[in-house]
**Q** 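Would you mind keeping the following structure in view while I ask a few things?
Order of the sequence lines fixes the chain letters, A, B, ..., with proteins taken first and strands second; residue numbering starts at 1 for each chain. On a predicted model such as this, the values are computed, not experimentally measured, just so you know.
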There are 2 protein chains.
Amino acid sequence: MPRPRSLTRPGIAAAALAVIDRAGLAALTMRSVAGELGVATMSLYRYVADREELEALVVEHVLAGVDLSVPPGDWRDQVTVLLERVREAVCEHRHVVPLLVRHRHAVPASLSWIEAMLTVLDGAGFTGRRRVLAQRTLVSFVIGVLQNEYHGPLAGAGTAAMAELSTADFPLLAETAAQARGVSAEEEFHEGLRIVLRGLG
Amino acid sequence: MPRPRSLTRPGIAAAALAVIDRAGLAALTMRSVAGELGVATMSLYRYVADREELEALVVEHVLAGVDLSVPPGDWRDQVTVLLERVREAVCEHRHVVPLLVRHRHAVPASLSWIEAMLTVLDGAGFTGRRRVLAQRTLVSFVIGVLQNEYHGPLAGAGTAAMAELSTADFPLLAETAAQARGVSAEEEFHEGLRIVLRGLG
DNA sequence: CTCTGTAGGCGTACGTTGTACATCTACGTC
DNA sequence: GACGTAGATGTACAACGTACGCCTACAGAG
């Protein structure tokens with residue numbers, strides 16, 4: 001008998017993501033999302049408990065698009081594919097990086113992704129505590145890389161500023177920062193992952 | 001001739017840190033820090049440009065206490081010591097983790113720490129792009145680990161909830177989460193670091 | 001000791017945010 | 001066509017960062 005709903009949670013997530021993509025994370029407010037949807041601010045509270053839940057909804061929406069199938073072959077390639085897909089999904093909406101870090105624990109799509117990772121590791125012979133540590137280390141790495149790329153990209157102003165530092169105070173930093181400007185985000189990610197995988201193997 | 005200042009930037013940083021340690025990151029406001037110091041809110045703006053700068057000040061204060069000397073011996077042990085010290089400093093004030101991630105690029109103590117790391121890597125024979133990638137991978141790892149420990153500790157409620165998940169939907173996740181509850185934060189950190197170092201070697 | 005210029009300290013006020021609360025409204029069902 | 005229910009909304013408030021301008025305390029000159 002009741003009045004039917006006029007919004008959906010995925011629709012709200014998409015609207016929030018549109019706001020973030022267009023105007024950055026700081027522009028994400030309950031008012032801006034409601035405006036994007038053409039409804040009153042308080043209408044959102046019929047679908048999410050609070051702002052926290054809206055943010056989690058955005059993360060779920062981004063992660064939901066990640067393909068969890070893996071190709072046959074070496075487990076290293078399988079892990080690489082799963083990490084690459086997350087990175088790709090996040091890079092299409094780079095401003096969600098801080099949200100991903102804060103909310104990935106509360107998001108179903110994240111659990112499914114972890115299950116996929118564990119399946120690969122299990123197939124590679126990782127069991128018990130070794131599997132726990134392999135999984136956590138890989139997750140730590142990918143979270144760290146995404147944070148690094150977001151807050152301090154090698155091609156960005158921060159690195160450029162370091163390259164201009166006094167070589168008397170920071171001899172290696174200045175030199176290394178100059179080198180770093182020629183390293184792409186993709187190279188940083190893949191080479192870092194190769195290092196971690198070698199350590200696991 | 002002017003009126004002498006009654007506060008110092010380190011003093012403000014210490015007050016902010018005290019607020020954070022006592023009441024959490026959400027309690028960090030310009031008003032609460034001013035209250036901690038016994039001055040009016042607007043007085044802080046004679047010392048910091050805005051809230052951003054106050055947050056950076058807190059990160060600087062935490063990182064400034066990190067010993068940058070390294071023991072003679074294997075470079076792996078030297079890297080381990082430098083990472084351990086950062087982790088130790090941050091863990092004493094665990095609520096600064098999000099601030100560390102956001103502001104470490106704008107903080108002098110962070111630059112000195114990076115220089116120390118690069119010196120170790122240089123001594124180990126890392127040069128050029130290889131040194132860039134080694135440095136960035138180690139930083140990504142430590143940032144990721146700290147984030148992981150902060151937002152989703154293995155001993156915390158999130159892991160416990162995963163362990164209770166349906167084994168039909170998440171067979172490996174449920175089992176692995178149960179295992180994970182017995183892994184300490186120290187073990188996670190050290191074993192993860194061992195993996196990365198092995199990959200670098 | 002008095003005077004004064006300067007910069008620090010602070011009171012007030014404004015725009016923005018998240019969201020509690022009460023009210024209004026539109027629709028499936030009878 | 002009437003009704004009950006749950007969705008949609010308007011209003012309002014507390015807390016936040018901070019712009020602005022006034023007041024005040026002190027070092028140095030006289």
**Q** When you get a sec, tell me which of C:dT19, D:dT9, D:dT18 is the closest nucleotide to the side chain of A:Met30?
**A** C:dT19

**Q** Using a strict threshold of under 4.0 Å (side-chain N to carboxylate O), is an ion pair present between A:Arg194 and A:Glu187?
**A** no

**Q** Touch check for A:Ser43, heavy atoms < 4.0 angstrom, all strands: base, sugar-phosphate only, or nothing?
**A**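 Touches a base.
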
**Q** Measuring from A:Arg198:CZ to A:Arg76:CZ, what's the distance to the nearest 0.5 Å?
**A**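 Taking CZ in A:Arg198 and CZ in A:Arg76, the distance rounds to 11.0 Å.
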
**Q** For the side chain of A:Thr41, starting at C-beta, report the closest nucleotide among C:dT19, C:dC27, D:dG17.
**A**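 Closest nucleotide to the A:Thr41 side chain: C:dT19.
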
**Q** Whole Å only: how far is the CZ atom of A:Arg31 from the P atom of D:dA12?
**A** 14 Å

**Q** So A:Arg51, base contact, sugar-phosphate only, or nothing? Heavy-atom distance under 4.0 Å.
**A** sugar-phosphate

**Q** Report yes if at least one side-chain N or O of A:Tyr47 is closer than 4.0 Å to OP1 or OP2 of D:dA8; otherwise report no.
**A**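 Looking at the OP1 and OP2 atoms of D:dA8, one of them is under 4.0 Å from a side-chain N or O of A:Tyr47.
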
**Q** Between P on D:dA6 and CZ on A:Arg5, what's the gap in Å once rounded to a whole number?
**A**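 The answer, rounded to whole Å, is 11 Å.
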
**Q** To the nearest Å, give me how far apart OH (A:Tyr45) and P (D:dT11) are.
**A**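 Spelled out: OH on A:Tyr45 to P on D:dT11 is 18 Å.
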
**Q** Rounding to an integer number of Å, can you tell me how far A:Met42 CE sits from C:dT25 C1'?
**A** 17 Å

**Q** Determine whether a donor-acceptor pair (one donor, one acceptor, N or O, separation below 3.5 Å) exists between the side chain of B:Arg3 and the base of C:dT6.
**A**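 Flag unset: no donor-acceptor pair detected.
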
**Q** What ring pair (Phe, Tyr, Trp, His ring centres under 6.0 Å) pairs are there with at least one residue in residues 120-143 of chain B, not counting sequence neighbours?
**A** B:Trp75-B:Phe126

**Q** With heavy atoms under 4.0 Å as the rule, sort B:Arg46 into base, sugar-phosphate or nothing.
**A** base

**Q** Whole-Å distance between D:dT9 P and A:Leu44 CG?
**A**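 In whole Å, D:dT9 P lies 10 Å from A:Leu44 CG.
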
**Q** When the nearest nucleotide of DNA chain C is assigned to B:Gly38 and to A:Pro2 on a heavy-atom basis, which residue is associated with the more 5' position?
**A** B:Gly38

**Q** Quickly work out the B:Leu54 CG to D:dC16 C1' distance and round it to whole Å.
**A**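 It works out to 14 Å between those atoms.
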
**Q** Taking the basic N atoms (NZ, or NE/NH1/NH2) and the acidic carboxylate oxygens, is any pair closer than 4.0 Å for B:Glu149 and B:Arg94?
**A** no

**Q** Under a 4.0 Å N-O cut-off, is there an ion pair linking A:Arg22 with A:Glu36?
**A** yes

